[in-house]
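Chain identifiers are assigned alphabetically (A, B, ...) following the order of the sequence lines, protein sequences preceding nucleic acid strands; residue numbering begins at 1 within each chain.
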Amino acid sequence: MDLPRTVTLVMTSHLPLVDVAHSAAERMGEFADLEEDEALNLALAVREAVINAVLHGNRNDPDRKVRVDIRCSERTVRATVRDEGSGFSPEETPDPTAEENLMRSSGRGILMMRAFVDDVRFRRTSRGMEVTLIKNRPALARTGSADGQALR
Amino acid sequence: MDLPRTVTLVMTSHLPLVDVAHSAAERMGEFADLEEDEALNLALAVREAVINAVLHGNRNDPDRKVRVDIRCSERTVRATVRDEGSGFSPEETPDPTAEENLMRSSGRGILMMRAFVDDVRFRRTSRGMEVTLIKNRPALARTGSADGQALR
Amino acid sequence: MDKRCVERSKTEEQTLKATVRQIGQVSVLDLSGRITIGEGDLVLREAVTELLDGGNMSILLNLKSVKYMDSAGIGELVACYKKAKEKKGSVKLLNPGGKVYDLLVLTKLEEVFETFREESEALASF
Amino acid sequence: MDKRCVERSKTEEQTLKATVRQIGQVSVLDLSGRITIGEGDLVLREAVTELLDGGNMSILLNLKSVKYMDSAGIGELVACYKKAKEKKGSVKLLNPGGKVYDLLVLTKLEEVFETFREESEALASF
Ligand SMILES: Nc1ncnc2c1ncn2[C@@H]1O[C@H](COP(=O)(O)OP(=O)(O)O)[C@@H](O)[C@H]1O
Ligand SMILES: Nc1ncnc2c1ncn2[C@@H]1O[C@H](COP(=O)(O)OP(=O)(O)O)[C@@H](O)[C@H]1O
C-alpha cells in the first residue's frame, strides 16, 4: 500500500492561518478513512495546538514559524505541531474543569486536544514545543479495501 | 502592516492531497482580501499546477515531493508550485482551443491557470519545474482598512 | 472590532451568522456556523454586547445550527455568561447539537449553563 | 473504481451527487457539487456509462448546481460526449452556472456542446 502520505505545513505566526492547518488536517483525516466526524475532531485538535503555538509559543511574532507535519501511516494518522517558543509543562497547567476554573474564558485547549484524539504527546525540544496528536485509523481502512483509494 | 504572511506546504505525490493545497490557497486568498470568487480562482489555478506536479512532474512517485509556497504580500498573493520532475516547455504544449484539440479529454490545465490568475510564470530549475501563479490584491486591501485584519 | 473583516474573511458556510428574534422580554439569538477564534467568537461577543447595552437582559442562545466551537468559542460563551450576570441579566442555551453538547459536557459547563431542548420551555424559564 | 471510497473521501458539500430523472426518452442527470479529479469526474463517468450501457442514449446533464470543475472535470465532460456519440447517442448541457459557463467559453467547448437555459427546450431538442 502506498503509505505513508505526508503533508508538511510551515506558516508564519498569524492566527487566521490556523484555518489552513485545520483544513489540511481534516482532509488528511478523510484520506485516512476516518469518519467525517472523527476527521473534524482531528482538525479541531490540530486547531488548538496551532492556536497555542502561535499565541503562547511564538507570541504572535511574525518572524517565528509554526510547523505542522501530518502523516498517514498504516495504523494511525498523526499531526505534530512545532513552535519556536520556550515551551511549557502541560502537567502544570490548571485543570479547567475544577470548580474554581469553570468560569475562566480560556484554558480549555489541552483538555479538548486530549478529548479529540487518541493520544497527545508533549515534548520540549531545544527549538521549541512539540505537540503530537495521534488518531487510530479504523481497522477497515487498514485491510485491502483502502488500497483502491491509495492512488485513487 | 504585518506582512508577508506565508504558508509552505510540502506533500508526497498523492493526487488526493491536491485538496490540501486547494484549501490552503483559497484561505490565503481570503486572508489577502480577494473576493470569494477570486480566492476560488487562485485555488483552482494552484489545483491545476499541483495536479501537473504530481502527475507529469513527479509521475506519481510517492518518494518525490511537491512543494507549494503561498505568500501574501502588500500588492499580490502568489503561489509557487515546485516538483522534482524533468520539466517541460509550456510554449510547446498544444493549444487546447485549436479545432483539432477540442475533443481531447485533457490538455486544458495551463489554459485554466492563465485564465484564473493575473500572471503565470514557468521556470525550469535543476531540481524540477517551478510554476508561479500571481494574483493582484484589491486596492482596498492595501490601504489602511486591511490593517485591522492583519493581526485580527 | 472591524466587522467587515470578520465577515469577509471566511467562506459563506463558515462565518457565524447571528440574528435576533425578540419574543416578549427574551432575546433569542439564532446562531449558525462555527464559533472559532478571531471570527465567530467576535461575532458572538458583539451580538451579545449589543443586546446587553440595549437593555436586553434575557438572552437565549440558539445553538442548534452551530456545527462546532473551538476553545476560544466556548471561552466566549463563558465570557458572555459572565457579562450578562454582572448586569443582572442571564444567558441560557437552546438545543446545542451533538458536537457542541459534547463540548459542554467535557468542559463541565453544562453544570453552569441552563440548557433547554424546547424553545417554549426556555422562554418560560426567564 | 471503488465507489465507496469516492463517496467517503470528501465532506458532504463537496462530493458530486448525481441523480437521474427519466423524462420520456431523455435521461436528465442532475449534478450537484464539484467535478474534480479523482472524485467528481469518476462519479460523472460512472453515471453516464451506466446510462449508455442501459440503452439510454439521450442524456441531459443538469449543471445548475455544479459549483466548479477542474481540467479533469471538463475533460470528463468531453469524454462523456464522445462516448455517447460513438453509440449514436448525445450528451447536452442544461444551465451551466457562472463558473462552469465561463470555463466552457474559455475552452471553446460551448461551440461543441448544445447548451440550454430551459429544461423544456432541452428536452424538446432530442
Ligand atoms: N505551545 C505552547 N507554548 C507555551 N505555552 C503553552 C503552549 N501551549 C499551551 N501553553 C500553556 O498552557 C496553557 C493552557 O493551554 P490551553 O489548555 O490550550 O488553554 P489556553 O490556550 O486557552 O490558555 C496556556 O495558557 C499556556 O500557558
Ligand atoms: N509539472 C510538469 N512537469 C512536466 N510536464 C508538465 C508539467 N505540467 C505540465 N506538463 C506538460 O504540459 C502538458 C499540458 O498540461 P496541461 O495544460 O495542464 O494539461 P494536462 O495536464 O491535462 O495534459 C501536459 O500534458 C504535460 O505534458
A:R137 to A:F31 six-membered ring, cation-pi geometry met (6.0 Å, 45°): no
Counting neighbours of CZ on C:R21 that are heavy atoms of other residues, nucleotides or ligands and sit closer than 6.0 Å, is the number greater than 12? yes
Heavy-atom count around C:K108 NZ within 6.0 Å, excluding the residue itself: above 12? no
Going by atom types only, do C:S27 and C:Q22 share a side-chain donor-acceptor pair under 3.5 Å? yes
Between the side chains of C:T49 and C:E46, is a donor N or O closer than 3.5 angstrom to an acceptor N or O? no
Is A:R71 paired with A:D69 through a side-chain N to carboxylate O contact shorter than 4.0 Å? no
Checking heavy-atom separations under 4.5 Å from chain C, one finds in residues 97-110 of chain A A:T97, A:L102, A:M103, A:R104, A:S105, A:R108, A:G109
Quick one: what part of C:L77 sits under 4.5 Å from any heavy atom of chain A, side chain, backbone, both or neither? neither
Could you have a look at C:V112, C:T36, C:D70 and say which one has the most heavy-atom pairs with chain A under 4.5 angstrom? C:D70
Donor-acceptor contact below 3.5 Å, side chain A:R78 vs main chain A:K135: no
Go through the atoms of A:I51 and report whether side chain, backbone, both or neither lie under 4.5 Å from a heavy atom of chain C. side chain
